[in-house]
Amino acid sequence: MVNPAISRIIAGRASSLVKCASQTPKFYSSAAAPAYEFIKVEKTGAKNNVALITLNRPKALNALCAQLMSEMNLAIKQLDTDESVGAVVITGNERAFAAGADIKEMKDNTFSHNVKTSFLEHWNGVAAAKKPTIAAVNGYALGGGCELAMMCDIIYAGDKAKFGQPEIAIGTIPGAGGTQRLTRAVGKSKAMEIVLTGQQITAQEAEKSGLVSKVVPAEQLVSEAVKLAEKIASHSQVAVAMAKDSVNKAYETTLQQGLDYEKRLFWATFATADQKEGMKAFAEKRAPEFKNE
C-alpha cells in the first residue's frame, strides 16, 4: 500500500505551487554572474574554492520547475569553467531538499508534447558536470528531488531526511533517472520496493542501502558537505576530473572494459604537471602545490 503521507505531500504541493515561468535567467550587465530567481549560488570554504548552490523555492518545497532546472544547468556550466572552484555542494533547506518535480507545471502535458520537446531532457546538467558534485539533503528528497540528488556524485543526508520515488501514486513513473540510478545504487529488490510502492525511506535506511554516503545531524549537514568538498578541492582538479570519469565509467562498461579505461587514464596522468608535483612532494615529504595542469 502506498504511504498516505506521500499522497498528502503530493496533493498539497500540487495545489500550492506558485507558477514557475520557463525562461532563461537574466544577466546583470555589470557582473559576470546571472540573476537567479530560484537558486542561490555562492562560494564558501576556508579557501573560497567550494561553490554552494541552494535551491530557493521554499513555499513550493523547492519543487523542480523548468526555470529552476534551467538556472541550475547554467550555474553548473559556469562553475565547470571556474578554475577557482574545486567542488560543488547542492542543497535545499531543512524542510525539503526538493519535494519533487513541479506537478502543476506538467500535469496537462501530452505524449506528443513530451516527445517534441524532449521533456526533462534539460535535467541532465548536474549529471554532466565535470566538477565533483555533492548533494546535501535535508528534509524531503522525493521524485525529481531524489533524482536530482542521485545525479550528484556523493550524497550526504541530514538525520531526518526522507527519500522516495512517489510517482506511482499519481499514475506515472520516474522520468529523470529514478528507475535507473536508484537500481544501480541500492539493487533491484530495494529499487522495486521503493518505485512500486511509492513509500519513503529514512536517511538511515538510505545509508544502509548504499544510496547515501553519510548521515549527520541536520544542523551540521551543509558544513559537513562543505568540509568534504574542501577535501576534494585540495587535490589536483585534473586528477579529480579523471578519477570521477573513471568511476562513472564503471556503471556503463564491463569490468574488463572499465579496467582498461582506468589504466589508460592512469597512464595519462603522467602527462600532467600535477602528477609530477604530487609524486615529487611525496618523495620530499611535503604538501604538494598543485597547479591544476
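Side-chain atoms are counted along with the backbone in the values below, which use heavy atoms only and exclude waters and symmetry mates.
- Sequence neighbours left out, not one pair with a member in residues 122-150 passes salt bridge (Lys or Arg N to Asp or Glu O under 4.0 Å).
- Evaluation of the side chain to side chain donor-acceptor pair (under 3.5 Å) rule for K190 yields E193 as partners, not counting sequence neighbours.
- Within 6.0 Å of atom CD in E289, 12 or fewer heavy atoms from other residues, nucleotides or ligands are found, so the atom counts as exposed in its surroundings.
- Applying the side chain to side chain donor-acceptor pair (under 3.5 Å) criterion to N248, with sequence neighbours excluded, gives no partner residue.
- When hydrophobic clusters are built by joining Ile, Leu, Val, Met, Phe, Trp and Tyr residues whose side-chain heavy atoms come closer than 4.5 Å, directly or via intermediates, V222 is not grouped with L61.
- In this structure a side-chain-to-backbone donor-acceptor pair under 3.5 Å is missing from N292 to S236.
- Donor-acceptor pairing under 3.5 Å is recorded for the side chains of S84 and D82.
- At least one side-chain heavy atom of L211 sits under 4.5 Å from a side-chain heavy atom of I155.
- Q256 is linked by a side chain to side chain contact (heavy atoms under 4.5 Å, CB included) to T254, L259, D260, counting only residues two or more places apart in sequence or in another chain.
- Figure legend: K162 and Y140 shown without cation-pi pairing, the cationic atom not lying both under 6.0 angstrom from the six-membered ring centre and within 45 degrees of its axis.
- Residues F111 make up the rest of the hydrophobic cluster containing V115, defined by ILVMFWY side-chain heavy atoms closer than 4.5 Å, directly or through other members.
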side-chain hydrogen bond (donor to acceptor under 3.5 Å, both in side chains) assessment of Y261 paired with D245: CA-CA 10 Å; Y261 188 79; D245 184 28; 2.5 Å; yes
Intermediate values then yes/no, salt bridge (charged side-chain N to carboxylate O under 4.0 Å, His left out), K291 and D274: CA-CA 6 Å; K291 304 294 185 183; D274 285 346; over 6 Å; no
Would you give me the side-chain donor-acceptor pairs under 3.5 Å for residues 172-188, sequence neighbours excluded?
{"residue": "T183", "atom": "OG1", "partner": "T179", "partner atom": "O", "Å": "2.6"}
{"residue": "R184", "atom": "NH1", "partner": "Q180", "partner atom": "O", "Å": "3.3"}

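- Residue pairs satisfying the salt bridge (Lys or Arg N to Asp or Glu O under 4.0 Å) criterion with at least one member in residues 116-127, sequence neighbours excluded, are absent.
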Hey, can you pull the donor-acceptor pairs under 3.5 Å for the side chains in residues 85-101, sequence neighbours left out?
{"residue": "T91", "atom": "OG1", "partner": "A136", "partner atom": "O", "Å": "2.8"}
{"residue": "N93", "atom": "OD1", "partner": "R95", "partner atom": "N", "Å": "2.9"}
{"residue": "N93", "atom": "OD1", "partner": "A96", "partner atom": "N", "Å": "2.8"}

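- The side-chain heavy atoms of N109 and F119, taken from C-beta on, include a pair separated by under 4.5 Å.
- The local environment of CD in E284 is crowded, with over 12 non-hydrogen atoms from other residues, nucleotides or ligands closer than 6.0 Å.
- Between I53 and I76 the shortest side-chain heavy-atom distance falls below 4.5 Å.
- With contacts defined as side-chain heavy-atom distances shorter than 4.5 Å, the pair L142/Q165 does not qualify.
- Using a 4.5 Å heavy-atom cutoff, the side chains of M242 and T269 are in contact.
- The number of heavy atoms from other shown groups lying within 6.0 Å of NZ (K43) is above 12.
- I201 and V216 fall into different hydrophobic clusters, defined by Ile, Leu, Val, Met, Phe, Trp and Tyr side-chain heavy atoms under 4.5 Å apart, directly or through other members.
- With contacts defined as side-chain heavy-atom distances shorter than 4.5 Å, the pair V238/E293 does not qualify.
- Grouping the Ile, Leu, Val, Met, Phe, Trp and Tyr side chains by contacts below 4.5 angstrom, directly or via other members, places I154 with V226.
- Under the 4.5 Å side-chain criterion, counting only non-hydrogen atoms from C-beta, L52 is in contact with T54.
- Listed by chain and number, the residues in a salt bridge (Lys or Arg N to Asp or Glu O under 4.0 Å) with R264 amount to none (sequence neighbours excluded).
- Annotation: side chain of S213 is not in contact with side chain of E207 (no heavy-atom distance under 4.5 Å).
- Residue pairs meeting the salt bridge (Lys or Arg N to Asp or Glu O under 4.0 Å) criterion with at least one partner in residues 214-243, sequence neighbours excluded, are K214-E224, E224-K227.
- Scanning for ring pair (Phe, Tyr, Trp, His ring centres under 6.0 Å) contacts around F270 gives F266, with sequence neighbours left out.
- Shown here are the salt bridge (Lys or Arg N to Asp or Glu O under 4.0 Å) partners of E277, two or more places apart in sequence or in another chain: R286.
- Within a 6.0 Å sphere centred on NZ of K276, other residues, nucleotides and ligands contribute more than 12 heavy atoms.
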